[in-house]
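Throughout, a chain's letter reflects where its sequence line sits, starting with A, and its residues are numbered from 1.
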Amino acid sequence: MIDPRLVADDPDRVKDHLSRRQQPDLHPIVDEIVDLSTRRAALLTEQSELRNQRNVLSKQIGELYKQGLRDEAEGLKATVQQGNERISSIEAELAQVVSTRDDLLLQLPNLLDDDVPTGASEADNQILRVWGEPPRFDFAPQSHVEIGARLGILDFEASAKLTGARFAVLRAQAARLERALINFFLDVATQEHGYTEVMTPYIVHRRILEGTGQLPKFEGDLFKLHGELNGSDAFLIPTAEVPVTNLHRDEILEEEALPLQYAAFTPCFRAEAGSAGRDVRGMIRQHQFHKVELVWITTPEHSAQAHQTLLGHAETLLQRLALPYRVSLLCSGDISFAAQRCYDLEVWLPSQNAYREISSVSCFGEFQAQRMALRYRPDQEANRKAKPRPAHTLNGSGLAVGRTLVALLENGQRADGSVELPEVLGPYMGGELVLRPPSA
RNA sequence: GGAGGUGUGGCCGAGUGGUCGAAGGCAGUGGUCUUGAAAACCACCGACCGAAAGGUCCGAGGGUUCGAAUCCCUCCGCCUCCGCCA
């Protein structure tokens, strides 16, 4: 979340960012937070004074008893009891004020980075560069659905039997290709780009999702477990970002330990609420898909550079796979709730004659760190205590596995119905780099 | 699922309802000593809120009390045994 102090001190700046995000309707929330912060400060001061009085008097009572001065002690007790009543009412109001303020704070999206272009929609995103050439076909290119059916490796009828729409069954070479991509992505990340691989739970508690910003606003996008798990509401993760970024919540990391770089393969579960009718066919938009996610935890001084590095890591993967893609910088109206700056990598899909998102590389600044109490202690000069500061977090897909598989099938398709895969996957596919129909 | 135990500062580990934010040890930091290092010795050494005074934090949340790390309740984590299971 945004630093509560910043909201209180410079509400106009916050409102300006909300306007850029096309959300001026949130302005009243800012004003409310300012009021609540003022009230909170007053209550805190009064509470602190009363507690001090209680502590002082309680000590006196103890001593009076030791000296056998019971009557004097009883008199003080009455005073303390009176104070306690006032403390109780202050505490009640304080709890109310703080929880209301925090609820509101959690609803505010992140501040935007200066270089985020102002715009209303996807159409205003800035295309930064285009890599590779969309392949030319001397036949009408088919979609991965047709290709997969002809090869007998994508089976949407089977998945429909199991769980209905927006699921897929992968067979034979498709299943192997999915697994190959996972391993390829993880190997590059861990062996070349310095990431530590982690495997995490795929079910997390509510507060974990609040930490990364999916909750409280987007509960409808998530699959929620029925009933509680270990004492809390629990959800299927929509991305590895959630468990991985939260790995160090409630910690204070030493600056010299930063940056932390994690790579995680997980399935991702998304309800896809509100996307009815969009991309219903095929593997583009699924309730369950696989993704390798790259996560950074670093300092405010290094996060901008880290963002570029991370972007480069994701791009490397597309380049090795020889998939044509472009990079865009999301505008203020299209960028997600928690992000401060975000690049999308979009891969070329011949069947759609369009670039489609395959990776989203975001810098969150301290937004997530504030929410999850993820801090670091800056390197300090001798004898000078350095206060802990919120760390900066980043993440990027590296890459979405299902969509990569789709892109490979569609870009690698040939007139005879076979598909040619890039060289780099050789070791992962047992050297079989051409997928052929069963009869061929 | 059944039974029992346990949860204190970076780590280990004392702790009685009252002056405990918490003994002691280790680690760490600064210093004395030394040519240097080690050893020894001395000092410092948690976090949060606050301009400050001061306040809060002994797994979490409630309760009892003038006062709770210490008593009571609920929850969570960890450990051991049994059962079940990949």
Side-chain angles (χ1 to χ4, degrees), chain A residues 1-9 33 36-102 105 199-208 210-211 225 227-235 243 246-258 260 267 366 369-391:
Chain A
M1 68 191 171
I2 308 177
D3 187 348
R5 207 171 309 188
L6 174 65
V7 182
D9 292 349
I33 292 172
L36 290 167
S37 296
T38 308
R39 183 67 187 144
R40 173 182 168 274
L43 288 170
L44 237 27
T45 304
E46 195 183 348
Q47 183 198 45
S48 176
E49 282 165 1
L50 285 169
R51 280 176 166 169
N52 181 33
Q53 173 190 298
R54 179 177 69 189
N55 290 343
V56 171
L57 293 184
S58 288
K59 265 184 204 174
Q60 289 179 15
I61 291 171
E63 277 167 28
L64 287 174
Y65 268 117
K66 273 184 197 164
Q67 298 167 22
L69 302 170
R70 295 201 162 268
D71 292 345
E72 286 83 344
E74 292 302 324
L76 283 186
K77 275 194 190 184
T79 311
V80 174
Q81 230 148 5
Q82 248 180 356
N84 277 346
E85 279 169 31
R86 280 154 66 203
I87 290 177
S88 294
S89 77
I90 288 171
E91 280 175 348
E93 188 185 349
L94 198 55
Q96 178 62 44
V97 166
V98 168
S99 99
T100 308
R101 186 189 69 159
D102 288 350
L105 238 18
M199 298 200 97
T200 70
Y202 307 143
I203 302 173
V204 295
H205 281 163
R206 174 178 291 277
R207 68 176 183 286
I208 302 304
E210 285 172 352
L225 265 57
E228 295 195 346
L229 178 60
N230 291 333
S232 165
D233 283 349
F235 299 81
N246 275 282
L247 242 26
H248 296 282
R249 73 175 1 250
D250 299 317
E251 288 183 21
I252 300 173
L253 303 163
E254 293 301 327
E255 177 166 0
E256 62 184 15
L258 301 178
L260 293 174
E366 64 174 49
Q370 282 274 10
R371 290 173 160 240
M372 64 177 79
L374 164 57
R375 296 172 294 172
Y376 77 100
R377 192 185 308 283
D379 287 339
Q380 42 196 301
E381 297 172 23
N383 286 334
R384 297 274 312 171
K385 263 190 165 177
K387 278 211 159 199
R389 306 162 67 193

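Comparing B:rG18, B:rC49, B:rU56 by their nearest atom to the side chain of A:Arg5 picks out B:rC49. Residue A:Arg40 places its side chain closer to B:rC49 than to any other of B:rC76, B:rC49, B:rA53. Closest approach to the A:Arg51 side chain among B:rU56, B:rG54, B:rG67 is made by B:rU56 (side chain taken as heavy atoms from C-beta onward). Checked against B:rG67, B:rC76, B:rG54, the side chain of A:Asn230 finds its nearest nucleotide in B:rC76. In this structure, the nucleotide among B:rG54, B:rG50, B:rC66 sitting nearest to the side chain of A:Gln81 is B:rC66. Side-chain atoms of A:Lys77 lie closest to B:rC66 of the nucleotides B:rC66, B:rG77, B:rG55.
Atoms CG (A:Asp250) and P (B:rA60) sit 11 Å apart, rounded to a whole Å. Atom C1' of nucleotide B:rG55 and atom CG of A:Asn84 are separated by 15 Å, given to the nearest angstrom. Between the P atom of B:rU65 and the CD1 atom of A:Ile87 lies a distance of 15 Å, rounded to the nearest Å. Residue A:Arg207 contributes atom CZ, which lies 12 Å from atom P of B:rG61 at whole-angstrom precision. Summarising the geometry, the separation between CG on A:Leu94 and C1' on B:rG55 is reported as 12 Å, rounded to the nearest angstrom. Atom CG in A:Asp9 sits about 14 Å away from atom C1' in B:rG50, given to the nearest Å. Whole-Å rounding puts the A:His205 NE2 to B:rG77 C1' distance at 11 Å. Separating the CD atom of A:Glu251 from the P atom of B:rC48 is a distance of 15 Å, rounded to the nearest angstrom.
Separation of the C1' atoms belonging to B:rC48 and B:rC84 is 45 Å when rounded to the nearest angstrom. Taking the P atom of each, B:rG54 and B:rU6 are spaced 39 Å apart, rounded to whole Å. Straight-line distance between the C1' atoms of B:rA27 and B:rU80: roughly 31 Å, to the nearest whole Å. Going from the C1' atom of B:rG25 to that of B:rG77 covers 27 Å, rounded to whole Å. Distance check on atom P: B:rG50 versus B:rC45 gives 22 Å, rounded to whole Å. Here, B:rG31 and B:rG15 have their P atoms 37 Å apart, quoted to the whole Å. Nucleotides B:rU64 and B:rC73 have their P atoms positioned 15 Å apart, rounded to a whole Å. Distance noted for atom C1' between B:rU29 and B:rG46: 14 Å (whole Å).
Looking only at side-chain heavy atoms (C-beta outward), A:Val204 and A:Asn246 stay at 4.5 Å or farther from each other. Counting only heavy atoms from C-beta outward, the side chains of A:Leu253 and A:Leu374 approach each other to under 4.5 Å.
In this structure, A:Asn55 does not reach the B:rG67 phosphate: none of its side-chain N or O atoms is under 4.0 Å from OP1 or OP2. Between B:rA47 and A:Arg377, a contact under 4.0 Å exists linking OP1 or OP2 to a side-chain N or O.
Across the strands present, B:rC11 finds its partner in B:rG25; the criterion is a Watson-Crick or G-U wobble pair with both atom distances under 3.5 angstrom. Nucleotide B:rA86 is matched to nothing when pairs are restricted to Watson-Crick or G-U wobble geometry with both distances under 3.5 angstrom. The partner of B:rA47 is B:rU56, judged by Watson-Crick or G-U wobble contacts that both fall below 3.5 Å. Applying the Watson-Crick and G-U wobble criteria (two distances, each under 3.5 Å), B:rC41 pairs with B:rG31. Both distances falling under 3.5 Å, in either a Watson-Crick or a G-U wobble arrangement, occur for no nucleotide opposite B:rU65. Shown here, B:rC78 forms a base pair with B:rG5; the pair counts as Watson-Crick or G-U wobble because both key distances fall under 3.5 Å.
Comparing A:Gln47 and A:Lys59 by the nucleotide of RNA chain B that holds the closest heavy atom to each, the one mapping nearer the 5' end is A:Lys59. Sequence order on RNA chain B of the closest nucleotides to A:Gly62 and A:Ser48 puts A:Gly62 first from the 5' end.
For the residue pair A:Gln96 / A:Thr100, a side-chain donor-acceptor distance below 3.5 Å is found, with atom types taken as modelled.
Contact check on A:Glu46 versus A:Arg51 returns no salt bridge, with no Lys/Arg side-chain nitrogen under 4.0 Å from an Asp/Glu carboxylate oxygen. By the 4.0 Å N-to-carboxylate-O rule, A:Arg39 lies close enough to A:Glu93 to be salt-bridged with it.
A:Leu64 CG to A:Glu72 CD: the interatomic distance, rounded to the nearest 0.5 Å, is 6.5 Å. Taking OG of A:Ser232 as the start and CD1 of A:Ile208 as the end, the distance is 8.5 Å to the nearest 0.5 Å.
Within the nucleic acid shown, A:Ile61 comes within 4.0 Å of at least one base atom, counting heavy atoms only.
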